[in-house]
Every structure is written in C-alpha cells, then in structure tokens.
K.L.:
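Once you've had a glance at the structure underneath, I'll fire off some questions.
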Amino acid sequence: MSLADCVYALCNNDICILPTETVYGLACSAFSVEAIKKVYDLKGRPSTNPLIVHTIDHESGGDISFTNEYSKQLADVFWPGPLTFILPKKESVPDQITAGLGTVAIRSPSHPVFRKVLDQVSLPIAAPSANPSNKLSPTKCQDAIAAFGKNCPPFLDGGQCDIGIESTVLDLTSPSPSILRLGPITKEAIENALGIQVQYHGNILNKPKKINSYQSPGQALKHYSPNTPLFLYSTLEQMLQSNEIKENDVVILPTSKLVIQLPVKSCSELYLSLTGDPKEITKNLFQTLNEADKLKRKRIHAALYQSDHGILSAVNDRLRRAATERF
Ligand code: AMP
Ligand code: MG
C-alpha cells in the first residue's frame with residue numbers, strides 16, 4: 001500500500017502493518033473502537049492486555065495522558081525512541097485501548113515511516129506487535145505477512161527494524177518510577193537521566209509472586225514463542241555439554257567468533273551476531289528465532305547471557321519467556 005492508502009485506512013476505522021524501530025506494529029487509530037477491535041481480533045489478543053499508543057512528541061502525548069516532570073525529562077533525552085511511559089489517561093482515550101485501566105501507555109517512535117504517518121493522520125496510533133498474540137515479534141515485514149497469512153492486512157515495508165525488541169515500559173504514575181518491561185533503554189540509562197533510582201522487581205520468571213498483574217496485565221510468563229519448542233540453558237557451557245541436543249536440532253549461538261564443539265554434529269547453527277556486539281545480538285534475536293522456526297526441526301536450543309545487565313538483560317527476559325524448557 002502507499003503512504004496515502006495507509007493514512008486513509010487509519011483515518012477510516014481500518015488497520016495496517018507499519019514499521020517501527022523496535023518491531024513491526026499492527027496499527028489503528030487510538031480513537032476508533034471499531035479499528036481497535038480489529039487489532040484485538042486479528043492478533044487473538046486478550047482484551048485484558050492494553051495497547052501502547054504512539055504520538056509524534058511529548059506535547060501531543062499530553063492530549064491523551066497527564067504527562068509530568070519525569071515524562072518530560074525522559075522524553076527530552078530518549079524520544080523519539082523505544083521508551084514507553086505509563087501515565088494517568090485522559091477521558092478521550094477509549095477503555096478498549098487501556099483494558100479498562102485508568103492509565104495509558106504512550107511512546108514516540110523514531111522510525112521515519114511511522115513518523116510520516118503520525119504527522120499526516122494527526123491522530124494517536126495504537127500499534128502492538130504485528131503477530132498473533134504470544135508468538136514471535138516480527139522484525140521484517142515478510143515475517144508479519146507470513147504470520148497473518150491470508151488474513152494479512154495492508155502493510156508498509158520499512159526494512160529490518162533497527163532495534164529488534166519491544167520498548168522498555170516505565171510506570172510513571174507514582175513518585176517512584178518502576179520498570180514494568182525490560183527493553184532497549186536500560187535501567188541505568190533511565191536512572192542517569194532522572195538522577196534517581198528506578199525500581200525493577202527483578203526477573204518475574206524467577207519470582208512469580210512478585211508480578212502485579214493489575215499493574216502490567218500483558219506481562220505474561222509465556223510470550224514471544226517460536227512454534228518449535230525452545231530449550232533454554234543457564235550458560236553456554238551447559239548448552240554445549242547438554243544431552244538434550246539431538247540430531248537435526250537447531251542451535252543458536254551468540255557469535256560466530258566462538259570456536260565450539262556441538263555435542264551432535266548434524267545440528268544447524270545460527271548466529272545472533274558476527275562480532276558479539278549486544279546491539280547486534282538484540283537486533284537479530286527475533287529474526288534468528290524466526291529463521292530457526294522456519295527450519296521446522298524438533299527443537300531449538302539457546303543459552304542465557306551471563307552479563308545480565310544493560311540491553312542483554314532485555315534479551316535474556318525475551319529468551320526466558322520464549323522458552324518451553326529451561327535447564
Ligand atoms: P505490546 O503492545 O505487545 O508491546 O505490549 C504492550 C505492553 O505494555 C502490555 O502488554 C503491557 O504489559 C504494557 N502496558 C500497556 N498499557 C499499559 C498500562 N496502561 N498499564 C500498565 N502496562 C501497560
Ligand atoms: Mg507484542
């Protein structure tokens with residue numbers, strides 16, 4: 001579709017697939033209850049899982065939410081970019097977007113195609129990832145198209161997403177900001193920008209009782225999953241010594257520079273990075289899981305990163321949620 005067709009669709013209660021710098025989004029007007037329903041139906045997304053609304057800047061974010069000093073300070077540093085704020089919502093925002101919560105998630109995307117669309121529609125645009133609920137997020141347009149098959153809505157192809165995982169979600173509704181979803185903007189970077197500590201209640205998969213499901217309803221334990229079972233190991237060494245790896249499995253490795261000996265020779269090896277650069281690993285994560293899935297083998301194997309800080313903590317978070325078995 002052309003940019004003009006996309007603008008027309010969004011202004012007329014319809015939906016389309018758009019590129020963002022994080023992952024591809026399934027877009028609708030945040031004010032169209034009819035289009036919002038199409039997004040939930042196509043994704044098979046539970047109505048209890050709220051959507052992120054995209055705005056061109058912090059000022060227009062103020063049309064739909066009560067912004068504050070923290071959001072202003074952080075937007076000055078990180079917007080446009082992959083940081084989402086949870087703020088009290090204004091009345092104009094339909095309950096269908098926020099799963100009935102009194103808060104709304106807002107972010108300003110940096111992808112030039114998405115920004116052109118925002119500029120031309122002059123509407124806030126909701127855009128969850130363009131994939132069936134709980135499956136792998138698409139970082140290339142072809143993956144979104146393949147995920148929806150014959151039900152695929154019109155799309156704009158903007159190439160491979162630069163960042164490759166979803167935005168960091170930060171709750172700014174209390175004097176003590178807290179991270180609800182790890183992402184590309186790290187805890188350390190947010191703390192530096194605000195000059196205060198922010199909360200993160202740890203890896204919820206290790207501490208299930210800590211989840212506040214009311215606070216962040218969509219943070220399901222099982223998410224981002226390939227169709228092929230993903231076996232996840234605590235360390236690379238553990239993976240390489242595992243008896244679980246069988247003939248014809250797929251093994252995902254952090255970098256091509258590793259000189260490794262796989263326990264079984266007939267496995268396919270896929271690399272997340274040529275150099276080991278954390279940004280490259282992040283960018284290729286979902287893409288590589290998608291490629292592994294397409295090989296249609298019995299199992300995929302991957303290992304967690306040992307440096308569980310910075311952007312790799314977000315990669316580990318996605319791997320934990322994608323895993324079928326953990327060792
Ligand atoms: P996705 O659109 O799949 O990237 O997911 C957006 C996520 O943002 C949701 O799954 C929630 O975890 C979070 N979120 C969105 N809106 C809110 C809100 N009002 N309060 C808390 N978390 C939210
Ligand atoms: Mg998603």
Side-chain angles (χ1 to χ4, degrees), residues 15 17-28 30 36 39-40 42-55 61 64-67 71 81-91 93-109 111 114 124-139 143-144 147-148 161 163-174 177-185 199-201 204-205 210-226 285-286 289-290 314 317-318 321-322:
I15 63 176
I17 293 174
L18 290 181
T20 85
E21 71 277 26
T22 58
V23 302
Y24 271 78
L26 184 60
C28 68
I36 297 165
V39 164
Y40 275 91
L42 183 59
K43 278 181 68 69
R45 184 171 173 116
S47 59
T48 48
N49 188 357
L51 305 182
I52 295 173
V53 181
H54 298 73
T55 66
I64 53 171
S65 69
F66 292 93
T67 56
S71 66
L83 180 60
T84 295
F85 306 136
I86 306 299
L87 291 164
K89 84 175 188 81
K90 291 211 165 150
E91 220 172 297
V93 180
D95 284 342
Q96 286 83 349
I97 284 275
T98 65
L101 298 175
T103 54
V104 63
I106 64 165
R107 142 174 138 81
S108 183
H111 197 290
F114 205 119
I125 299 293
S129 50
N131 58 306
S133 211
N134 293 342
K135 294 297 179 186
L136 288 172
S137 299
T139 56
D143 292 331
F148 290 128
C161 303
I163 292 177
I165 59 167
E166 302 80 356
S167 60
T168 306
V169 177
L170 182 68
D171 183 358
L172 293 179
T173 58
S174 82
S178 73
I179 292 176
L180 303 181
R181 176 172 76 186
L182 293 173
I185 305 294
Q199 311 291 312
Y200 174 58
H201 292 296
I204 59 171
L205 293 173
K210 287 261 182 190
I211 308 177
N212 183 341
S213 61
Y214 177 78
Q215 226 185 357
S216 197
Q219 291 300 295
L221 296 189
K222 193 83 170 64
H223 208 144
Y224 317 113
S225 298
L285 175 71
F286 285 130
L289 286 171
N290 245 313
D317 172 75
R318 302 304 189 271
R321 288 173 209 276

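Note that ligands are numbered from 1 as they come in the structure, with each ligand's atoms numbered from 1 the same way. When reading the values below, keep in mind they use all heavy atoms of this one structure, side chains included, and skip hydrogens, waters and symmetry mates. Counting from 1, the numbers follow the sequence of the chain as shown.
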K.L.:
Which heavy atom in Ser47 sits nearest to a heavy atom in Ala99, and how many Å separate them?
P.N.:
O-CB, 3.4 Å

K.L.:
Hey, does Arg45 sit under 4.0 Å from ligand 1 if you only count heavy atoms?
P.N.:
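Contact check Arg45 vs ligand 1: positive.
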
K.L.:
Are any of the N or O atoms of Arg181 closer than 3.5 Å to those of ligand 1?
P.N.:
yes

K.L.:
Any atoms of ligand 1 less than 4.0 Å from a non-hydrogen atom of Pro128? List them with their elements.
P.N.:
2 (O)

K.L.:
If you take all heavy atoms of Val23 and Pro138, which pair is closest and at what distance?
P.N.:
CB-O, 3.4 Å

K.L.:
For the Mg ion (ligand 2), check which protein N, O or S atoms are under 2.8 Å away and list them.
P.N.:
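Counting only protein N, O or S atoms under 2.8 Å from the Mg ion (ligand 2), the list reads Ser129 OG.
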
K.L.:
Just heavy atoms, cut-off under 4.0 Å: does Arg107 contact ligand 1 by side chain, backbone, both, or neither?
P.N.:
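Arg107 to ligand 1: no contact under 4.0 Å from either part.
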
K.L.:
Measure the spacing between CD1 of Ile106 and OG1 of Thr55 and express it to the nearest 0.5 Å.
P.N.:
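Answer for the CD1-OG1 pair, Ile106 versus Thr55, is 5.0 Å.
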
K.L.:
What's the separation between atom CD1 in Ile97 and atom SG in Cys28, rounded to the nearest 0.5 Å?
P.N.:
5.0 Å

K.L.:
Of all the atoms in ligand 1, which lie at a distance below 4.0 Å from a heavy atom belonging to Leu101?
P.N.:
18 (C), 19 (N), 20 (N)

K.L.:
Under a 4.5 Å cut-off applied to non-hydrogen side-chain atoms, are Leu26 and Arg45 in contact?
P.N.:
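Of all side-chain heavy-atom pairs linking Arg45 with Leu26, none is under 4.5 Å.
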
K.L.:
Atom NE2 of His54 and atom CD1 of Ile125: how far apart are they, to the nearest 0.5 Å?
P.N.:
9.5 Å

K.L.:
Any non-hydrogen side-chain atom of Asn131 less than 4.5 Å from a side-chain atom of Lys43?
P.N.:
yes

K.L.:
In this structure, does ligand 1 have an atom that sits under 4.0 Å from one of the heavy atoms of Ile52?
P.N.:
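In this structure, Ile52 qualifies as a contact of ligand 1 - some heavy atom is under 4.0 Å.
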
K.L.:
Just distances here: any N/O of Thr103 and N/O of ligand 1 closer than 3.5 Å?
P.N.:
yes

K.L.:
Looking at side-chain heavy atoms only, is the closest gap between Leu51 and Tyr40 below 4.5 Å?
P.N.:
yes

K.L.:
In Å and rounded to the nearest 0.5 Å, what is the OG1 to CD1 distance from Thr173 to Ile86?
P.N.:
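These two atoms lie 8.0 Å from each other.
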
K.L.:
Could you go through the side-chain hydrogen bond (donor to acceptor under 3.5 Å, both in side chains) check for Thr84 and Ser167 one step at a time?
P.N.:
CA-CA 6 Å; Thr84 295; Ser167 60; 2.8 Å; yes

K.L.:
Would you mind running through ligand 1 and noting each atom that sits below 4.0 Å from a heavy atom of Ile86?
P.N.:
17 (C), 18 (C), 20 (N), 21 (C), 22 (N), 23 (C)

